Structures are given as C-alpha cells and as structure tokens.
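Below is one structure, written out as structure tokens, with a few remarks after it.
In what follows, every chain begins at residue 1, and chains take the letters A, B, ... in the order their sequences are listed. For clarity, every value in this text was computed on a predicted model and none was experimentally measured.
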Amino acid sequence: MATIHIDGKDYEVDGSDNLLQACLSLGLDVPYFCWHPALGSVGACRQCAVKQYRDKDDTRGMLVMSCMTGIKDDSYISIDDAEAVEFRESVIEWLMSNHPHDCPVCEEGGHCHLQDMTVMTGHDRRRYRFTKRTHENQYLGPFIAHEMNRCISCYRCVRFYKDYAGGTDLGVFGAHDNVYFGRTTDGVLESEFSGNLTEVCPTGVFTDQTHSDHYTRKWDLQFAPSICHGCSSGCNISPGERYGEVRRIENRYNGAVNHYFLCDRGRFGYGYVNNADRPRLALLRDADAEDVDITLSVDAALDRAAERLKRARRVIGIGSPRASLESNYALRELVGVDNFSTGIEAGELERLALMQRILREGALPIPSLRDIESHDAVVVLGEDLTQTAARVALSVRQAAQGGALSLAAEQRIPEWHVNAVNTLAQGRKNPVYLATVAETKLDDIARETFHGTPDEIARFGFALAHALDDSAPMVGDLDDATLGLVGEIASTLKSAKRPLIIAGESLRSIAVLRAAANLARAFNQAGLQGSLSLISAEANSTGLAMLGGESLDWALKTLTRQDADAVIVLENDLYRRLPAKRVDEALDACETLLVIDHQPTPTCRRADIVLPAATFAEGDGTLVSSEGRAQRFFQVYDPAYYRPDDQTHEAWRWLHALHTTIESRPIDWTQLDEVTRACAESVPVLAGITDAAPSASFRIKGQKIARSPHRSSGRTAMRANISVVEPRQPQDIDSALAFSMEGYSGTAVARQQVPFAWAPGWNSPQAWNKFQDEVGGSLRAGDPGVRLIDQPGTRGEGRPLAYFSEVPSAFQLYHDRWQVVPLYHLFGSEETSAKAKPVQERMPEPYLALGITDAEALGLNPDAKVRVNIGKHELLLPLKISSRLRRGTVGIPRGLPDMPVEIFGEWARLEQEVRA
Amino acid sequence: MDNSRHLYADLISSDRPAFALSDEEREEIIEEKGHYENPRAASIEALKIVQHHRGWVPDGAIPAIAELLGIPGSDVEGVATFYSQIFRQPVGRHVIRLCDSMTCYINGYEAIRERLKSELGIVPGQTTTDERFTLIPVCCLGNCDKGPTMMVDDDTHSHLDAETLMSVLEAYK
C-alpha cells in the first residue's frame, strides 16, 4: 500500500498499480482509451494525462500519462490542474478530428466509451473544418460489423484479439495518420472470442451484427442478470430485450468467472429465444388426427394433462441438464424420487458422479475460471477446450501468458506495463500440455501435445501420474516416444508452483477422468499445490449430478417394459442422447408423453401434450457450473406483456400447477424462492443454492433493482399496436428486479445483481469500474454465485481418493476399421445455440476427419466423399484431412443436428470412395 | 500457416489471390529466416526480397511469405503496409525518390519537382504511361549537405539543377 495526495486529498492505494488504475479504483474519473483493465497499459492515446509534482512544494509539476506512471508513496498528483484538463481536452479534439459525427446512426451510441470520454473532458465544440480520412470497411462474418471511419487508433482491438485471445487474422496496417484495423482480406473473423471486440473497442468500429439486425439503443433495452446456457462454464451475461425479443447479449462482469470476456457461442447464440417456431401455447395432439394440434387454455391444459396422468398406472419424469435446478426439482416432486430420471445417458451420469467424487474427495481444489489464469503449468487431458468450454480456453491462454509476468516480476517490471513485459518475455510462456484426439486451437500455446484415442489419453495421464509418484499405478507397454514425453513433462511439472489439471466429459471416457484423479493425487503426493478442473457437458450437468436421479437409459427401459405408461419430459430432446430406435421404442410403448420445452425438438413433436416452457430469457432459475458454482439467472422480460395469449411459463410453474391439479389441492409455491428453498432443504449438497442470489424481498433503499436504464423511452407506446390503453407493467414476484426503469440502478450501494452496467457519465461497459472493489477486481458486493463444493463440511481434509488402478489397455491398430472419436465445434455441437441463425452460418456440415497418414495410405484425395459404416449406420461424409488425428481413428463432429448419437467410440469401416 | 489449424480453418472461406513465390525467392527467404531466432524478424527482409525480384509486393505475396515464415499473414501485412518503401502497387522500371525535406526545400526542391512533373507528365505517387518512371517523395535521404537531392533506383544524385535534371534521367531506360 502507498499513500498518494490527489488534488489536496490523501488516499491509500495499491502500490503495484499504475496511477490510472489507482484513480479509477478510488472512483475518480480520469478519461482513457488505450488502457483496459484486462489488457494493461501501452501509453498510446495520451488521454489519461495528469499532473505529477516532485514534492509538496513543487507548484509547476509535469504532465504524465497516468497509465504509464507507477505509484510512488507520498507523491502529489492533480487531475483537476488546468494544464492537465486542457491537455486532455486537446487530445480528444485531435482524436475527434477524424471521427465522423455519426452518433445518431452509430450503433455504439448510448454505450460508447468515446462519447463518455468526450463528455468527460468537456470537448463540445468542433473546430476542425477539413476533410476526414475515410476507409473501406470489411465483411467480417455474421457476428461483427465493421466501420473503420470511427476508429481512434487506440489499438485495444488487436491487443485483445492477438495478444490476449491468440487470434491471428486481425491486424493493424499502415502507419502515421492512416492506420487500419482489420483482416488482410474480407472474411469471417476466425477467433472464437471475436464478439468481445464489440465491448473492447471504445467506439463503433466493431459492433454486434446480430444486434444490428434488430437494433435498439442500450437505454431502451430491458436487461436482467443472467447466466449463459451455452456450456458448463457459467459465464455471467446481460441479455437485452425490446418488444419481446432478445436483441443482444452483453458481458456481465463476474470477477471470479468470466470477468470482461465471453465466447461467441454465448454472445451470439441467443437466436433460439426469438425463433418463430417455438411452442408458445399449450397443445394437445389428437391421436386420431395426426398432425392436428389443438391449442388449449392454461386451465384446460392442466386439466387435460392431470386427467391423463391420474389415469396412468405409473408416471415417470425425465429431467434435463439444460433446465434449471428448480424445474428439475419440481418434476422430481411431481413424479417422486423413485420415478425421476436426470435425462442424462447412463455412461455420462456415471462419469458425472465420478467427477463429483473426485472433486469432493480428491486431492486438489477446484479453481474458478478466473483463478485458472494464475496457474503456472497446465495439463489438459482430452478436452478440446476452445470448442467445449471456450471461456476456459481463454483462461488457459492467460495462464500460459503468465510466464511473461513471472519473468517481469524478476526484473521488477510491473504487470501492467505490457509492452515491456512482452518484450522481455519474447514469447516465453508457462508450460501447457495438451493431450487431445486431434488438433485444437490451443496448440499454438502448447509446449507439447499428445494425440491419441481417449484410452491412450487416459494412459498418458496414468503414466504422467506414475512419473510424478512411484506409488501411482504403472502403465504397461508404452512406446518410447510417449515415455520420453511423459518423463519430460513430469520433470517440468515438478518445478511448477501451481500446476492445473483439466479434464472433462467430452471424450465420454471414464478412464480419462480416473487418470485426471490419479494425476491430482500424484501432484499432491509430490508436494505440488495444484488444482483440478473437470468440465461437464451442459449448463446444468453438474447441478443434475448433485440433484441425483436415474439415468435416461433407465427411463427408456422403464417405458419400453411398460413398467410406466406416462412420462413427463422436461426441456430435453431424448434423440440427442440415445439411439433413435431406443427412444422410439420407449415413446411408442407409453400411453402419455407430456413434453415441457421451449424448442420444437423431435421429442416435442411426438408429445401428446406440449406445455410451453420459458427459456433463460422468460424465466428464473439456478444453474451449477463445472466449478460447482450455483448461479441464478433472472427473467429478462414477460412475454405475455407483448403477446397476451402467450402461455410461456417457467417449467417449474407448469409442473407445480400440474402437481397440485392432480392432487386437487391449492398451490404452495407461488414464487421462485419457495422452490429454491424446498430444493435446498431436500437435497443436502444443494443447501447453498438459496445463497446464490438475493431473495425476492431484497431491496436497496426500499427499491427493487431496475431492469431498464432510467432513460428508457417509449413505454407508453410499446404495445399501442395491441391496445392504446397502457397496462400496468408486469410485476415480478420471483425476484428483487422490476420490469421497469423505476428502481435502483446506481453504484453507491454495492450489489451483486447488476442487470446492466451504468453509472453517471459511464454508459459504456467500462462502467463496470464503478461496481468493482478495484478496477478489474471483484464486484464490491462480492462476485455473484456460491461455490457448492468447497463449503465447510463438504470438502474434508485428509481424505484423498485412492489411486485408480484400472489402466486401459493399449490401442490396437486394425487395417480395415477405425475407431470413431468425437470432435466438437463451438458452433454446432450445442443444441440451442445451433438454432440461432448467425451461429448456423458458422456451423460445419457433418464430415469425416482422417489422419493424413491414413488418408494417404487409403489413397483418398482431399475432395473425396467417404462411405462410412458404423454399426447399422451408413453415412456418406466429405473428407477432411487432419494433421494430428492418430492412425486408426476417424473423427466425426458430435452434436450436429440429425447425426446418429451412438457412433462414438464404435468402429467404422470406410467402404469406398465415391468420386465427388 | 501452421497446419495444425486447418481442421477448423477450412470452415472459413477466404479469397486468396493466386500467387506463388519463385524458387529463388523461397530460397532467399528461407536463408534469411535462418539468421534470426524469431522468424518474425525476417519479415522485412522477406518483403524486400520479393520487391527486389518483382519491383513491388503483390497482395498474394503476403500469405505466401507468412506461410514460409510460419507467422500470421496479418503480421506480414502489418509490416508491409507500415513501411512506405515497400511498394504495394506496381511501379515503373525506375523509381525516383525525390527528397522533400526542409534542407532540400530551401535549396530548390520545388523547381526540381515541377520540372519532373512537367517532363514526365506525372505527379508524385504516379507512374509514367510507358512504365519507365515512378515518382515518389521521401522525407530525407541523409544527403542534406548536397541538396536538392534524389535517388533513382540505387543511385543518389546530389546538387540537382532543374536545367540538367533530364540528362541525369537519360541514363535510365
């Protein structure tokens, strides 16, 4: 800590910060552009000038760039000094000399850092009367719109895209006053994190194209604190709605999870919420007249459904890892614990249970997403993180970059001085070791990669554990190359201060998880203070594993055997999980299929009764991320306000109403908190979920939290097309948020639940400064969510899980068959985001990947189509050559629509080549 | 490009101009690459090699150099557009670099420029229709004591005089 004197007042600040960080952390407004809390200082824009004095008696002082000035104890600073004020104003005047005066038609307007800073510096008269430089814009794909004329050359875009996120196709071209940020040629931005450019850019050069297609100003959007449902990372998001449509997704700051950045699936994959084909009314399918759906009133739907369920001998429920804990719990209450399935396939459920065991009883703690960045060595077993949990991949990249920081620390170069740090490091990174089936987009930071089948990856992990600790089970008949690699990695890991292991569900291999557990124990035995991160497949897979229940296989078998004759399926497309034949048999055998979902899935299309469920945008609930962090997502808008006939409700509301209708009793649960509490009380491991967010009765200064900025306009006319009478705003009984601009939206009172970042004078996402304990740190009220796994009592010391000894056997190469391994795609492998149009433009067509050696041996040309026989399936797939896929394996993308699910891990015969 | 990318990369189409480096260019660039610890450091030399052989650096050379050096094309393009002496458009057989800095200006740069303009029929930045000369301004040739000065290709010409200027250019066919 250090004491500095700013404009006559004394402040205690963190001595390792720069002056700009310190001022912003103190809540003082200093304008800036090129600095960003996550990107450090380069001193390029000259906007953050302040006066620094030699000592108390110095009256002249000198201008310094606050972002490039370290804190000196007992130093004297002035922000308000007239010369500094004038300097800052003239800097912005220069920047604005080429900036178009197009705010009224610019999509950044209203959440623009440049607007905020221009107002802050007081530059409000244009003197420049000459021609402005202009640029041609590029097509950058379906996500990002490009308008280079607005550029102020702050370099934040390339510093994020290249230096932070490892992208290669966005660059800076030209020199002096003619600098261009873009690609070498028009084309799709390749990085999975390109969407962050829209928030990193301080002005409107990079804007959200998906938002542009139905544009609304930030101040006219209605937001809610929400959680991304795109994978199990649990990133915090702020979806913005207008006229009953989600119009954009912004990052919501959570200092322990995603902090400033999201992946493009999370940001641009929201379109499924707005799709016209969603079920929005309760439907009854007439068995006599195929394809004729009868719409029902809510009461009639409940009566009809209750009647059919009452008539049933036995009703079972199939839950879902993409639905909230509350909805799953309500289903379990309705059908009874013995009749509840998690909706997860048996193998995956077993692996989830093992993950829980490893995390609770294993040797190493679980890092938060943010904490991943502060590890100094990473071993990834099996996961292609960029495709399966992209935000984790971005954190791993920062862990690798951390190598530069430790070198800098030795030379006493402050962390924020990024150009000095990078120049010193010359690309030296912390070691990252990747064991995957094929190439990944983290390969560029990997010190070593290992490629093999899932079993071989497990063997690699087992062998590494043995190399670190002799008492760990040994792996027989490893080839010399692998042994050498393992030995080399083990010796590097031994000198790591804080190594991290990451494994997960994507290869569907229990052996890989066991290997990760052994590695964790070996770290522990070798005296290494490491961490272990296990990635589950879907938004609430971890939550479902904690809630417990039978497998989907059990449910199908129960139906097929006619041990039950009615089934309620909650937000789950069974055809994505088990072979179509088995699902068909089960659904054919049951009398009543009730589906509650928000998407017209193949399962939904077979339902006798469909009840329209809320997505994350229309309902609240709790999810548990891979980290074991329970987080609440809140309803963004009430669809019935715009569409009075809309019957969309949270699934738990439908299920509870159905439950009470069946039992002819009054409703007990009228609000979310009651369901959450009941779930927490009945499932001990979920006891903490009530603390994941404040209850509905939470108030700040007697007010609810406003969902809309206070300048929100047009409310009285918003539904004038339906009726000129303005109804009362929807009332939110489930949360402490109001569907209104009325309510608390300030920063003075610390709060965790922030629907949108705004503070007086700060309309851009940089307003998060005002909510943080220090810029880039945690929210002042604490980062949202509650970690369920390391709460006192659930994670015992001194009970490390014993070593697993089930080492898989070596891979057997055949000349006529290939093992099918799953490949993942950020765009396409996840069910709901794949229904969003912009994401669909980025999805691959199904293909067959073959290692280059195998392709050459088979004499296949790169344009070939290959006939693939896997079990009973015959697929005709275009070939893709992989430079890393192991001999004897073929890769097929998993999770793409209409692909058979049971082919992975099986053996494929490549029948013949069909000339293209 | 790092070929470990292409399983994902070829999902993204990009129009690449048809272009191939000559064997000679490739050899020279590879040799230059060997001089540095970091292949990035060879990018300026690589661009100069291509310019030496072709007179200028076509767009297609950017990804070709990037691939050879194993660095992103956007990095090579950044270097290629930063330096004004890397030509990104075709130039004439001979390039005239006329100094327009302060000292030459005082010593009669304007008269030289006007003579060149009228004799060649082009303004700075243009190429004569017979593709014989390209005229470009430079801000200093380090020859301030002998101004006005210009370079034609690799030759420096000092104490220029508007009257005798054209006889200097006669040597360049």
Original post:
Relative to chain B, which segment of A/Leu170 carries a heavy atom at a distance below 4.5 Å: side chain, backbone, both, or neither?
Top reply: backbone
**OP:** Starting at CD of B/Glu77, measure out to CG of A/Asp169 and round the result to the nearest 0.5 Å.
**Re:** 13.0 Å
Would you say [X] has more than 12 foreign heavy atoms packed within less than 6.0 Å of its [atom1]?
X        : atom1 : value
B/Glu119 : CD    : yes
B/Gln85  : CD    : yes
B/Glu37  : CD    : no
B/Met102 : CE    : no
A/Tyr139 : OH    : yes

Subject >> Donor-acceptor contact below 3.5 Å, side chain B/Thr81 vs main chain A/Gly174 >> reply: yes
Original post:
Checking B/Ser74 side chain against A/Arg183 main chain: does a donor-acceptor pair fall under 3.5 Å?
Top reply: no
Original post:
Between B/Asp75, B/Val76, B/Asn38, B/Val79, which has the largest tally of heavy atom pairs under 4.5 Å with chain A?
Top reply: B/Asp75
